[in-house]
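Structure, as structure tokens:
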Protein chains: 2
Amino acid sequence: MLQAVHSTQVPLRGPIAAKAAPQTVTVPPRDRLAALAVHRRLRAKETAFYEGDAADALFEVVGGVLKLYKLLPDGRRQITGFAYPGSWVGIGLCDTYAYTAEAVTDVTLIRYPRARLESLYDEVPGLARRILSLTAAELATAQDQMLLLGRKSAMEKIASFLLRLSEQAEERGDDACELSLPMSRTDIGDYLGLTIETTCRVLSQLCRMGVIEMCGRNRIRLRDPDQLADLAEGEALSSASML
Amino acid sequence: MLQAVHSTQVPLRGPIAAKAAPQTVTVPPRDRLAALAVHRRLRAKETAFYEGDAADALFEVVGGVLKLYKLLPDGRRQITGFAYPGSWVGIGLCDTYAYTAEAVTDVTLIRYPRARLESLYDEVPGLARRILSLTAAELATAQDQMLLLGRKSAMEKIASFLLRLSEQAEERGDDACELSLPMSRTDIGDYLGLTIETTCRVLSQLCRMGVIEMCGRNRIRLRDPDQLADLAEGEALSSASML
DNA sequence: CGGTGCTTTGAGCATACTCAACATCAGTGG
DNA sequence: CCACTGATGTTGAGTATGCTCAAAGCACCG
């Protein structure tokens with residue numbers, strides 16, 4: 001069973017999580033993966049699993065957006081990431097999930113039983129490597145986020161967040177200046193380590209500065225992406241202090 | 001070459017990065033890995049690689065402690081982790097390193113050329129899985145750190161940090177109450193998203209509260225680990241407000 | 001001993017938080 | 001269709017936590 005190696009190459013679905021090099025997996029494994037897959041739908045606000053649950057499955061996001069978060073005993077919340085189509089959720093070696101996964105919008109998932117998926121790691125060349133690649137991309141994103149959370153100001157955080165959304169939109173083939181924000185202001189704050197009030201205030205300030213424009217609650221138009229990029233890295237333009 | 005599978009099992013060196021289940025790899029791969037390995041020594045303050053360098057190798061820490069950090073253009077720094085013996089450094093899919101790795105103490109590393117290591121992933125069963133396990137552990141740690149950076153107070157950050165060091169000491173078989181802090185106060189601050197002054201102040205406060213005791217600059221004794229655990233999760237005891 | 005680098009402590013301040021009021025939107029039912 | 005309601009978002013005023021700037025203490029090392 002370890003022989004079945006040199007067959008045609010088929011690209012797996014690409015990751016959202018940025019810089020992952022295009023990877024491939026041989027065909028038969030694709031089938032063996034498919035044999036494990038079970039589709040699952042969630043309505044907005046439903047959870048796929050809770051932090052602390054037995055981690056018996058991995059999920060691939062096919063449609064919609066999930067938020068992944070951790071809680072402190074007193075209810076403070078940190079969203080560790082948003083999962084867009086192409087993301088894998090629940091990766092991590094532990095036997096319990098390290099975070100809760102809750103649907104922001106209606107969501108479609110593919111569920112892979114963990115034990116059976118992992119038993120394929122050693123049999124299906126490229127599979128472990130593929131998962132590794134996704135995990136490594138997620139790790140790189142997490143490290144960027146640590147820099148953001150630990151060292152950036154509120155303005156820099158919001159600007160960085162909008163820019164990342166813009167890059168993702170571009171990767172998806174959408175207009176990089178027309179952002180959709182499916183998550184609430186509270187969610188954005190909990191992702192960036194801010195309160196909802198600060199999140200609102202900074203967004204309003206960016207509007208006043210003419211850097212962005214709000215088109216309804218969940219839609220933002222970037223009017224000056226270059227200035228936004230400057231703001232994201234602390235190159236506070238003089239106009240930043242005006243107002 | 002895909003046949004050489006069922007030989008005796010040998011545990012690879014365990015990870016510091018916590019909850020990784022003990023994993024094993026078959027013997028021949030161990031040899032193949034060893035064939036790639038090159039030892040390297042660093043004196044304190046030397047760097048193994050810089051953020052942005054071509055990522056042509058992975059490193060396993062054998063002795064000493066490294067700090068891994070990212071910089072903003074204006075010099076603000078976020079340490080994303082400390083690498084103790086057993087840690088692998090430089091994991092991440094990118095073709096450039098995502099952070100700088102600098103020796104805190106004198107350090108001994110094993111260097112694995114990345115391309116050649118990765119070419120073994122599909123040939124050596126268990127290898128990719130092993131690296132995946134390490135990466136996943138690092139990801140879980142990173143997510144904990146996001147919660148800390150985004151949502152914890154200075155006191156909670158310091159308390160959490162000391163507790164994690166204590167757990168690591170225990171895993172290493174050392175006394176869980178006798179912590180060695182090889183890194184400077186500045187490093188601790190840059191790891192926790194604090195300034196050096198706040199770091200000092202909180203440590204002093206913990207001393208005054210009788211929770212810890214400082215035995216020289218780089219050594220701390222935990223006198224009340226239970227209270228420290230309470231402080232780490234925001235269960236601010238009344239004594240916390242009494243200076 | 002005197003330097004240099006790291007740490008500690010103090011005083012004042014700024015950023016982001018808390019609390020509170022109000023505005024807006026989406027969904028519901030009259 | 002509009003009025004009502006609850007949820008979500010926005011804005012303001014005051015405050016607190018942690019930062020900045022500054023000085024002094026301490027330890028290690030020639």
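Order of the sequence lines fixes the chain letters, A, B, ..., with proteins taken first and strands second; residue numbering starts at 1 for each chain.
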Nearest 0.5 Å, what's the OG1-NZ distance between T100(B) and K70(B)?
9.0 Å

Closer to the 5' end of DNA chain C via nearest nucleotide, is it L194(A) or M183(B)?
M183(B)

Does R201(A) put a side-chain nitrogen or oxygen below 4.0 Å from OP1 or OP2 of dT11(D)?
no

Are the side chain of S160(B) and the backbone of E156(B) linked by a donor-acceptor contact shorter than 3.5 Å?
yes

First of C200(B) and A154(A) reached from the 5' end of DNA chain C, by closest nucleotide:
C200(B)

Nucleotide dT7(C), atom C1' - distance to CD1 of I158(B) in whole Å:
13 Å

When you measure from the side-chain N and O atoms of T195(B) to the phosphate of dG18(D), is any distance below 4.0 Å, counting only OP1 and OP2?
no

Please classify the nucleic acid contact of G193(B) as base, sugar-phosphate, or nothing, using heavy-atom distances under 4.0 Å.
sugar-phosphate

Taking 4.0 Å as the cut-off, does a side-chain nitrogen or oxygen of S184(A) come that near to OP1 or OP2 on dT8(D)?
no

Using a cut-off of 4.0 Å on non-hydrogen atoms, how would the nucleic acid contact of K45(B) be classed: base, sugar-phosphate, or nothing?
sugar-phosphate

Take the protein atom CG of L206(B) and the nucleotide atom P of dT9(C), then report the distance between them rounded to whole Å.
12 Å

Approximate separation, where rounding is to 0.5 Å, of E102(A) CD and K45(A) NZ
8.5 Å

Once you round it to whole Å, what is the distance between P of dG25(D) and CD of E197(B)?
17 Å

Send over the distance from I212(B) CD1 to dT8(C) C1', rounded to a whole Å.
13 Å

Please state how far atom CG in D187(B) lies from atom P in dG5(C), giving the value in whole angstrom units.
16 Å

I196(B) CD1 to dA22(D) P: how many Å, rounded?
16 Å

Nearest heavy atom decides the nucleotide; on that basis, is R217(A) or R151(A) closer to the 5' end of DNA chain D?
R217(A)

Rounded to whole Å, CZ of R185(B) lies from P of dT9(C) at a distance of 10 Å

Treating E167(A) as the side-chain partner and R164(A) as the backbone partner, does any N or O pair qualify as donor plus acceptor under 3.5 Å?
no

How are the rings of F49(B) and Y97(B) set relative to one another: parallel (under 30°), tilted (30 to 60°) or perpendicular (over 60°)?
parallel

Closest to side chain of M214(A), choosing from dA16(C), dT7(C), dT10(D):
dT10(D)

Please determine if a side-chain N or O atom of T199(A) lies less than 4.0 Å away from the OP1 or OP2 oxygen of dG9(D).
no

With nearest nucleotides of DNA chain D determined for K152(B) and L203(A) from heavy-atom distances, which residue corresponds to the more 5′ nucleotide?
L203(A)

In whole angstrom, give the distance that lies between atom CG of N218(B) and atom C1' of dG5(C).
13 Å

